[in-house]
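Right, one structure below, let's go through it.
When reading the values below, keep in mind they use all heavy atoms of this one structure, side chains included, and skip hydrogens, waters and symmetry mates. Quick caveat: nothing in here was measured; it's all calculated off a predicted structure.
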Amino acid sequence: MTTDEELIREKFREYFDRDLPPLASMPDGLFADEADYLGYLKKVLYFNKVVVEPLERAGMKKEDRIIDIASGDGQMSACLYLKGYRQVVLFDLDEERLERGGKVIRALVGDDTNLETIHDSATNLSGEYDVLISYQTIEHLSDTGNYSVASRRCQKQFLVAVNDSVRRMCYFNAPNYRFPIDGHDTGLWFFHYLPISLRNWLITRKWVKCTWAAVHQLPAPSTPRSL
């Protein structure tokens, strides 16, 4: 019977045409243990199948300039770099996760990899890109620090910026609003159907526990232009 580790090694070689580097080759402190390392790689493999390969079939090219919005620990960008993409921008509000993602990618691909990172809110997106990847991000855009209760104003500002900055392709992924369980944030039945103000009130008073802690307090964004 194939073990989880064996399957990850097999698929890593299949997808990226190279052997999986051992955990010992990773810089100290990036992963707690082998299970943590393999869990990171499973997400890299997952993104290849559900995001990168579909975008390639749709026409994404190696020379495209790609922005990975809310790149987090860099699994999506790691997948792209492992497949030969070299103009990938990691964009995230969490500076520590940006730094970690960069270190992992350099360890997987090479220390001389030219990485570009942007530490900012997605509502402040600017620049020129061929492809934008937004994986489970737009539902968290907020200027209050509570990422479980998105602001429609912030979402609109982000989409205006996307319209101005992206030349060819966009990939958006977000939880299905019609699904009765708010599995993405709270795990409660129908919680995401409540008015935003009530959800915010319940979470800020800690009567409802959410998975996105309010760790950032952002300044209010400027008034978005009309779409």
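Within the 4.5 Å cutoff, side-chain heavy atoms of Phe158 are placed close to those of Ser134. At least one side-chain heavy atom of Tyr37 sits less than 4.5 Å from a side-chain heavy atom of Leu20. Looking at heavy atoms from C-beta onward, Ile118 lies in side-chain contact with Val89 at the 4.5 angstrom threshold.
In terms of heavy-atom proximity, Phe91 sits nearest to Asp120 at CE2-O, 3.3 Å. Residue Val162 comes nearest to Cys170 through the heavy atom pair CG1-SG, 3.6 Å, listed as atom of the first residue, atom of the second, then distance. Of all heavy-atom pairs between Leu125 and Ile67, the closest is CD1-CD1, 3.5 Å. The two residues Leu82 and Arg18 come nearest to each other via the heavy atoms O-NH2, 3.5 Å. The shortest heavy-atom contact between Leu90 and Gly102 is CD2-N, 4.4 Å. Of all heavy-atom pairs spanning Lys83 and Tyr15, the tightest one is CE-O, 4.3 Å.
By the 4.0 Å N-to-carboxylate-O rule, Glu5 lies close enough to Arg9 to be salt-bridged with it. We find that Asp130 and Arg65 are not joined by a salt bridge, their nearest charged nitrogen and carboxylate oxygen being 4.0 Å or further apart.
No more than 12 heavy atoms of other residues, nucleotides or ligands lie within 6.0 Å of CD in Glu96, so this atom counts as exposed by the packing criterion. Counting heavy-atom neighbours within 6.0 Å of Lys103 NZ, excluding the residue itself, gives a total of 12 or less. Asp33 CG: more than 12 foreign heavy atoms inside a 6.0 Å radius. Annotation: Arg152, atom CZ; neighbour count of heavy atoms from other residues, nucleotides and ligands within 6.0 Å does not exceed 12.
A donor-acceptor pair under 3.5 Å is formed between the side chain of Ser165 and the backbone N or O of Gly127. Listed for the Ser71 side chain is no donor-acceptor partner under 3.5 Å among the backbone atoms of Ile69. A donor-acceptor pair under 3.5 Å is absent between the side-chain atoms of Glu139 and the main chain of Ala174, judged by distance alone. Of the possible polar contacts, one joining the Gln155 side chain to the Ile138 backbone as a donor-acceptor pair under 3.5 Å is found.
Taking CG from Asp92 and NE2 from His119, the interatomic distance works out to 8.0 Å, rounded to the nearest 0.5 Å. With values rounded to the nearest 0.5 angstrom, Leu159 atom CG is found 11.5 Å from Thr123 atom OG1. From His140, atom NE2 reaches atom CG of Leu93 across 12.5 Å, with rounding to the nearest 0.5 Å. For the atom pair OG of Ser77 and CG of Leu108, the computed distance is 12.0 Å after rounding to the nearest 0.5 Å. Taking CD from Glu95 and CZ from Arg100, the interatomic distance works out to 16.0 Å, rounded to the nearest 0.5 Å. The distance from atom CD of Glu116 to atom CG of Asp68, rounded to the nearest 0.5 Å, is 12.5 Å.
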> For Gln157 and Asn124, what are the C-alpha separation, side-chain angles and deciding distance, and is it a side-chain contact (heavy atoms from CB on, under 4.5 Å)?
Replying inline: CA-CA 8 Å; Gln157 181 170 343; Asn124 295 326; 4.2 Å; yes

>> Please determine whether side-chain contact (heavy atoms from CB on, under 4.5 Å) holds for the pair Leu38 and Asp4, giving the CA-CA distance in whole Å, both sets of side-chain angles, and the decisive distance to 0.1 Å.
In response: CA-CA 9 Å; Leu38 293 176; Asp4 204 33; 5.6 Å; no

> Should Phe191 and Ile203 be marked as a side-chain contact (heavy atoms from CB on, under 4.5 Å) after you check the CA-CA gap, both sets of side-chain angles, and the distance that decides it?
Replying inline: CA-CA 11 Å; Phe191 182 76; Ile203 291 172; 4.0 Å; yes

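Between Val44 and the choices Tyr46, Phe47, Tyr40, the side chain to side chain contact (heavy atoms under 4.5 Å, CB included) rule is met once, by Tyr40. Here the rule is side chain to side chain contact (heavy atoms under 4.5 Å, CB included) with Met60, and of Arg57, Glu56, Lys62, Glu63 only Glu56 fits it. Here the rule is side chain to side chain contact (heavy atoms under 4.5 Å, CB included) with Met76, and of Val88, Val51, Ile66, Asn48 only Val51 fits it.
Classified by interplanar angle (parallel below 30°, tilted 30° to 60°, perpendicular above 60°), the ring pair Tyr193/Phe190 is tilted.
Judged by a 6.0 Å distance limit and a 45° cone about the ring axis, Arg106 is not positioned over the six-membered ring of Tyr81.
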